[in-house]
K.L.:
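Before we start, here is the structure in question, set down as structure tokens.
Note that the coordinates shown come from a computational prediction; the quantities given were computed from them, not determined experimentally.
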Amino acid sequence: MNRLPALFLALALSGCATVSKKSDLEELKPTVDKFHQLIRWKDFRSASRLLVPERRAAFSRARVELHDERDLSITDYEIEEVRLSEDGAHATVQSRIQWMRLPSASENTAVVLSEFVFRDGVWLLERQDAGPFVDELKDPLP
């Protein structure tokens, strides 16, 4: 987690980034970091607000059905890479997430690709390809 600010700074200052993309990365960073912190501290209600509206109900329902406030523990996360699309409206964030979900005593680790979209002036999480929320976030939206 200590490398997160350096990663975003390096990306923002890279020679390939345009001025508008730098500001997009500056706007993306707080959303990415906040989502990871919220899930780590089991604040799933607040985390759902960072999802695209089409995903929120299924995400929240799954947290209740799986008893995640009690049974899911995000033990660690690390943001590894952030890629911004040419148009600046989509971003892919690669993170490594470690978690446990009771009754299993095994810790799971996954490299998770999260797709964020810029809508109505804010970055929102649209999908993930792995991790503890993959069942609610993996499929493309209709």
K.L.:
Tell me yes or no: between the side chains of Glu115 and Thr92, is some donor less than 3.5 Å from an acceptor?
P.N.:
no
K.L.:
With a 4.5 Å cut-off on side-chain heavy atoms, are Leu72 and Leu66 touching?
P.N.:
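Leu66 vs Leu72: side chains apart.
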K.L.:
Passes salt bridge (Lys or Arg N to Asp or Glu O under 4.0 Å), Arg61 versus Glu136? Steps please.
P.N.:
CA-CA 9 Å; Arg61 187 172 45 255; Glu136 304 81 58; over 6 Å; no
K.L.:
Kindly compute the distance separating CD (Gln98) from OG1 (Thr75), expressed to the nearest 0.5 Å.
P.N.:
4.5 Å
K.L.:
To check you understand the geometry: which heavy-atom pair defines the closest contact between Arg63 and Pro132, and what is its length?
P.N.:
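Heavy atoms only, the tightest pair is NH2-O, 4.1 Å.
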K.L.:
Report yes if the side chains of Asp76 and Arg40 come closer than 4.5 Å at any heavy-atom pair, otherwise no.
P.N.:
yes
K.L.:
Would you call the rings of Phe59 and Phe44 parallel, tilted or perpendicular, where under 30° means parallel and over 60° means perpendicular?
P.N.:
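Phe59 and Phe44: perpendicular rings.
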K.L.:
Closer than 4.0 angstrom, basic N to acidic O: yes or no for Asp139 and Arg127?
P.N.:
no
K.L.:
Side-chain contact, heavy-atom cut-off 4.5 Å: Asp68 with Lys42?
P.N.:
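Result no, sub-4.5 Å side-chain heavy-atom pair not found.
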K.L.:
Salt bridge or not between Arg96 and Glu80? Use side-chain N to carboxylate O under 4.0 Å.
P.N.:
yes
K.L.:
Run the salt-bridge test on Arg119 and Glu54 with the 4.0 Å N-O cut-off and return the result as yes or no.
P.N.:
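Result for this pair is yes, salt bridge flagged.
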K.L.:
Quick one: do Val111 and Tyr77 end up in the same hydrophobic cluster if we chain Ile, Leu, Val, Met, Phe, Trp and Tyr together by side-chain heavy atoms under 4.5 Å apart?
P.N.:
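Cluster IDs for Val111 and Tyr77 differ.
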K.L.:
Drop me the distance from Leu50's CG to Lys34's NZ, to the nearest 0.5 angstrom.
P.N.:
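One gets 6.0 Å once the value is rounded to the nearest 0.5 Å.
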K.L.:
For the residue pair Asp33 and Phe35, establish whether any side-chain heavy-atom pair is separated by less than 4.5 Å.
P.N.:
no
K.L.:
State the CD-OG distance between Glu107 and Ser73, to the nearest 0.5 angstrom.
P.N.:
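Rounded to the nearest 0.5 Å, the CD-OG separation comes out at 10.0 Å.
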K.L.:
What pair of heavy atoms forms the shortest contact from Ser106 to Ser104, and how long is it?
P.N.:
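Closest approach of Ser106 to Ser104: N-OG, 3.1 Å.
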K.L.:
Determine the minimum heavy-atom distance between Glu27 and Thr31, stating which atoms define it.
P.N.:
O-OG1, 3.8 Å
K.L.:
State, with a plain yes or no, whether a side-chain heavy atom of Arg70 is found less than 4.5 Å away from one of Leu102.
P.N.:
no
K.L.:
Is Arg83 salt-bridged to Glu81, going by a charged N under 4.0 Å from an acidic O?
P.N.:
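The answer is yes: the pair qualifies as a salt bridge.
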K.L.:
Can you find a heavy atom in the side chain of Asp129 that is under 4.5 Å from one in the side chain of Val112?
P.N.:
yes
K.L.:
Please tell me whether Phe116 and Trp123 form a close aromatic pair, meaning their ring centres lie under 6.0 Å apart.
P.N.:
no
K.L.:
Can you check whether Val134 reaches Gln128 side chain to side chain, under 4.5 Å on heavy atoms?
P.N.:
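They are not in contact (no side-chain heavy atoms under 4.5 Å apart), so the answer is no.
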K.L.:
If I compare all heavy atoms of Ala110 with all of Ala130, which pair ends up nearest, and what's the gap?
P.N.:
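So the minimum-distance heavy-atom pair works out to CB-CB, 4.2 Å.
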K.L.:
Mind listing the closest non-hydrogen atom pair of Leu38 and Ala47 along with its distance?
P.N.:
CD1-N, 3.7 Å
K.L.:
CZ of Phe133 to OG of Ser114: how many Å apart, nearest 0.5 Å?
P.N.:
10.0 Å
K.L.:
For the residue pair Pro103 and Asp71, establish whether any side-chain heavy-atom pair is separated by less than 4.5 Å.
P.N.:
no
K.L.:
Please find the pair of heavy atoms, one from Ile74 and one from Ile39, that lie closest to each other, and give the distance.
P.N.:
CG1-O, 3.4 Å
